[in-house]
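One structure is given below, encoded as structure tokens.
Order of the sequence lines sets the chain letters (A, B, ...), proteins ahead of strands, with each chain counted from 1.
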Number of protein chains: 2
Amino acid sequence: MSHKVTIAVDAMGGDEAPGTVLEGVADALAADENLTVILCGPADVVEPFAATHGRCEARACSETISMAEHPANAVRTKKDSSIVVGCRLVKEGAAQGFFSAGSTGACLAAGTLVMGRIKGIARPALATVIPSPVRPVILCDIGANADCKPEYLVQFGQMASVYAEKVIGIENPRAALLNIGEEDAKGSQFAQEAHRLLAERLPNFAGNAEGGDILPAKFDVVITDGFTGNVCLKTIEGTSKTLFRTLKGIMMKTPVTKLGALAIKGGLKELQAQVSPDTYGGAPLLGVKGALLVGHGSSGALAIKNGVLATMRIVRAGVSEIIAQTAAATSASATMNNVRRDA
Amino acid sequence: MSHKVTIAVDAMGGDEAPGTVLEGVADALAADENLTVILCGPADVVEPFAATHGRCEARACSETISMAEHPANAVRTKKDSSIVVGCRLVKEGAAQGFFSAGSTGACLAAGTLVMGRIKGIARPALATVIPSPVRPVILCDIGANADCKPEYLVQFGQMASVYAEKVIGIENPRAALLNIGEEDAKGSQFAQEAHRLLAERLPNFAGNAEGGDILPAKFDVVITDGFTGNVCLKTIEGTSKTLFRTLKGIMMKTPVTKLGALAIKGGLKELQAQVSPDTYGGAPLLGVKGALLVGHGSSGALAIKNGVLATMRIVRAGVSEIIAQTAAATSASATMNNVRRDA
């Protein structure tokens, strides 16, 4: 039996907020009877909704952070914005997780500054499920850390592996380093050093992955710095979108092609759903105290629903707690190793 | 009227060499009557072919560099390998360009060590035409320089713009920096510094491109370091390949879908040809003295033919000469600026 979970939700996150958010939250509440939502946003949006929906509380906020604002500054100054309030509810224990489809930068800043880093984690990292038609692949970091030290990638690998196993349900996930060749010694100086550390410290490390290995799901977890990861994720999305758009043009060209398209329409829709980021609802910030999931700005109601439910699953799986234990164990064993070396 | 050009070709380059290479060379010779080929490889391969084909000379080589060898070491020790000999023919003026679908690393090493860098060019860079269904996009660097300094990217942009304009025929190409946000101040410290230098020194610089902007051809030239560029290129190729494979599965599922597939087969084939790397035949190493084009290891006869013809077009367009002039002019103007600053 799944236990009761309370998730704070940003009513003002996403290009079509609050409409799609309210619709998605209603669907999420209907999907799980042990879910309670605290809806954060303007009083005139959240109060009427909470009044008409069970297991939903309103938390009126007087401020909103827009996509255009400088994330860290906005988080520091707008203490009563839905993003800061949502993270504070987690910090204070009123909720166990927070979901927003608003400014990714502001969510990362609020997650780190308000919810706080897990002890022993050098840098929280943003992971995402790459929607592959083969099977899901976790990519981490996808943009929380544009500048990385090679050693950060070991923790990215640990945290993403916990997420892959506990939330996505991949048993014994195989983790790889995103690099520009299969052989161990390939790549930039950064990649070579990261490879060495991963081989030494990450038990489920399986070697290098190339860009072409991600969508075919050659590995379950792909580890990289936030710059490369972000370029890679957006490249996959842009490539899929362009190919589907071109394909549509081909199918709509003549009456004959239109007829042909009818026959494969069902399968195509299924494929599009498989490769749609909406299926997994968002990107978790791993390494903070509590669950934080950031949705796509373009999230529709389905993505919002999936995002809220995914945040709930992160809480139920105890991802933060397991990451905290792993970090503590790793730092203890590092200390032990140092003691041994010193002896 | 196009002038006579001699291209050296590596008979042993590619997974299916020498068969596909000979077929491709024959087709290239048939396609342009002002083309002469010097075929480099084992005597028993190149001599019979040259004896039966007009405008083809044989250059027997006693060694071959395999894909598995350490590139720079192989180039230094195997002086009579087809890759080293081909580059030497350009260096000595017997040919104006060299094409190989063999080891990329060995071609880069031989291009730089044997043909030599153009004066004033800090690092030669590998460019490629991203086969977009919208229009061709040049990505540079795609792997010659895994470790870069931000200032290298200015020359990558200059050289790739010359290639885009003179060889691919894109008038006034708009160049962008591959980054993780559209705004100027986004990205890693490296990307921010590269952005600053590009804005200052590259007249056709048009701002930041994100990973999702490449295939939709939002810009004509996309500039990046060799690590990110290689990940990005392979990600595009892997994503396309996986989607086409899945699509094929959908179309072959039932008799009805098979019938539907027939109607759009023509358009699909056209799209696959548009996004196939074979169409452009390979990646030029820009910044060396002479033309050097490296083909995909998986090159079929069509890719070899297109690669040989593309190498010829690089020679005819005078790409190396224009890059040398640009490098000289830039270094002269930099000197002038320094003089002014000192004054």
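Contacts with chain B were tallied for A:G181, A:G238, A:G212; A:G212 has the most, counting heavy-atom pairs under 4.5 Å. Ranking B:I236, B:L262, B:L259 against chain A, the residue ahead of the rest is B:I236, based on heavy-atom pairs under 4.5 Å. When each of B:V231, B:L178, B:I180 is scored by its heavy-atom pairs under 4.5 Å with chain A, the top score falls to B:I180.
Separating the CG atom in B:L247 from the CG atom in A:L271 is a distance of 7.0 Å, to the nearest 0.5 Å.
For the pair B:A146 and A:G187, the tightest heavy-atom approach, listed with the atom from each and the gap, is CB-C, 4.0 Å. Closest non-hydrogen pair, B:A263 versus A:G260, comes out as CB-CA, 3.8 Å.
Both the backbone and the side chain of A:L268 have a heavy atom closer than 4.5 Å to some heavy atom of chain B. For a residue to count as touching a neighbouring chain, one of its non-hydrogen atoms must lie under 4.5 Å from one of that chain's; by this rule A:A191 touches chain B with the side chain only. Of the two parts of B:P133, only the side chain, counted from C-beta on, holds a non-hydrogen atom closer than 4.5 Å to a non-hydrogen atom of chain A.
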- Task: Step by step, work out the side-chain contact (heavy atoms from CB on, under 4.5 Å) result for A:I264 and B:V256.
- Result: CA-CA 8 Å; A:I264 59 164; B:V256 176; over 6 Å; no
Short of 3.5 Å, which donor-acceptor contacts do chain A and chain B share? List atoms and distances.
{"residue": "A:D147", "atom": "OD1", "partner": "B:Q189", "partner atom": "N", "Å": "3.3"}
{"residue": "A:D147", "atom": "OD2", "partner": "B:Q189", "partner atom": "N", "Å": "3.0"}
{"residue": "A:Q189", "atom": "N", "partner": "B:D147", "partner atom": "OD1", "Å": "3.3"}
{"residue": "A:Q189", "atom": "N", "partner": "B:D147", "partner atom": "OD2", "Å": "3.0"}
{"residue": "A:E210", "atom": "OE2", "partner": "B:K234", "partner atom": "NZ", "Å": "2.3"}
{"residue": "A:G212", "atom": "N", "partner": "B:K234", "partner atom": "O", "Å": "3.3"}
{"residue": "A:K234", "atom": "O", "partner": "B:G212", "partner atom": "N", "Å": "3.3"}
{"residue": "A:K234", "atom": "NZ", "partner": "B:E210", "partner atom": "OE2", "Å": "2.3"}

